[in-house]
Amino acid sequence: TVAYNVLINGFCLDGNVGYALKLCGQMIKQGLAPDIITYNTLINGFCGDGDLQKACWIYDGMLGAGLVPDLISYKILIRELCKHRYIKKANTYFQQMLGSNIIPDHFVFNILIDGYIKEGNMMEALRLCDKMVAFGLVPNVITYNALIHGHAKEGNLQEAFRLKHEMFVYGLIPDVVTYNLLINGLCKHGYILEASGLCDEMISKGIVPDKFTYTELIFGHCKRQKIDKACEILIMMQKKGLCVDNIACNIVFRTLCKRKKTEEAHKLLERMKKNDLCVDNVTYNILLTGYLKEDKLQQARKLFEEMAVKETHAS
RNA sequence: GUUACUUGUCGUA
């Protein structure tokens, strides 16, 4: 059974869940009973496939086989339900889990908290924080990051920064994600100077900015129409050996398009194509909306056909 | 032996 479980997981990780399922059938034929681990692996496999239906189907099969879901089963399911925005259902499973005397850990709470935040329900997220404390669990850096994300998204930067300070009170050290979230919040609201300052602060504290940090700063500069500043950062990223990916390029590209700097935009696009990892759906969407806004329907249609050929999904 | 939660671009009715 152990050997099968390992194999099944291997195929799941490989994205070949169908074959993993076949293997499960094969092990049954050999008289080996799938255990809770086998089921969890398969459920997780289908979840990674985005196939919630099949995941639930396996889950039911597990119940039918008389196996009792454990903490791991619940974590997998709850996370997937949250991803699909079925937060109510996720909560139902959570309650069921508590009802069957399974001791929750940081992960389940963080998953649920993040689920509520993604739904825009900060109240419930905060209530869950209290609940987690009631279970003797102390919110950790990830919990705080999720909350900071929520507040920043709502535009409540004050509260986001207050939480950053509160972290120290509880002996938690803000990490690169914490800083990235705050920098992102500042940039989104046009506070590029403050964002740059925060970037300096993190460096002085020994936290190394990553490509998220710099991409957010690029975004901030673009938002203030400082394309040259944005390009400076692009160059600096390359010098630091950070990969400049399609996201960073798209941001600059979009700004160039918006400002009707068509020539420079095309130059960038050519360079992106040369480095050939850079033209994606988002790039196309940017171009499309640009054309549509300028009533260049012909070009828009042409582009749309090009997308269809490349089998990118028009979204 | 299986699960591991939080951050970046367009869009998301």
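Since this is a predicted model, take the numbers as computed values, not measurements. Just so it is clear: chains get the letters A, B, ... in the order the sequence lines come, proteins before strands, and each one is counted from 1.
Non-hydrogen atoms lying under 4.0 Å from RNA chain B are contributed by A/V177, A/N180, A/L181, A/N184, all within residues 170-184 of chain A. Within a heavy-atom distance below 4.0 Å of RNA chain B, the residues of residues 135-167 of chain A found are A/I142, A/N145, A/A146, A/H149. Contacts with RNA chain B (heavy atom under 4.0 Å) in residues 112-124 of chain A: A/D114, A/K118, listed by number. Of the residues in residues 213-238 of chain A, A/T215, A/E216, A/F219 come within less than 4.0 Å of RNA chain B through at least one heavy atom, sorted by number.
Every residue two or more places apart in sequence or in another chain that forms a side chain to side chain donor-acceptor pair (under 3.5 Å) with A/Q299 is listed here: A/Y291. Applying the side chain to side chain donor-acceptor pair (under 3.5 Å) rule to A/K75 yields the partners A/D105; only residues at least two apart in sequence or on another chain are considered. The side chain to side chain donor-acceptor pair (under 3.5 Å) test applied to A/N184 returns no partner, not counting sequence neighbours. A/Y86 pairs by the ring-ring contact (aromatic ring centres under 6.0 Å, His included) definition with nothing, not counting sequence neighbours.
If you take CD1 on A/I113 and CG on A/N145, they are separated by 12.0 Å, rounding to the nearest 0.5 Å.
When each of B/rG1, B/rC10, B/rC5 is scored by its nearest atom to the side-chain atoms of A/I286, the top-ranked nucleotide is B/rC10.
Screening residues 222-237 of chain A for salt bridge (charged side-chain N to carboxylate O under 4.0 Å, His left out) gives no qualifying pairs among residues at least two apart or on separate chains. Sorted by first and then second residue, the ring-ring contact (aromatic ring centres under 6.0 Å, His included) pairs involving residues 4-34 of chain A (not counting sequence neighbours) are A/F11-A/Y19. Pairs of residues two or more places apart, or lying in two chains, never qualify as side-chain hydrogen bond (donor to acceptor under 3.5 Å, both in side chains) while including a residue from residues 44-66 of chain A.
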Indicate every side-chain donor-acceptor pair of residues 192-202 of chain A with a distance under 3.5 Å to a residue at least two apart or in another chain.
unit_1	atom_1	unit_2	atom_2	d
A/S196	OG	A/I192	O	2.9
A/E201	OE2	A/K164	NZ	2.9
A/E201	OE2	A/Y179	OH	2.8

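Contact annotation: A/R79 reaches the phosphate of B/rC5 (side-chain N/O to OP1 or OP2, under 4.0 Å).
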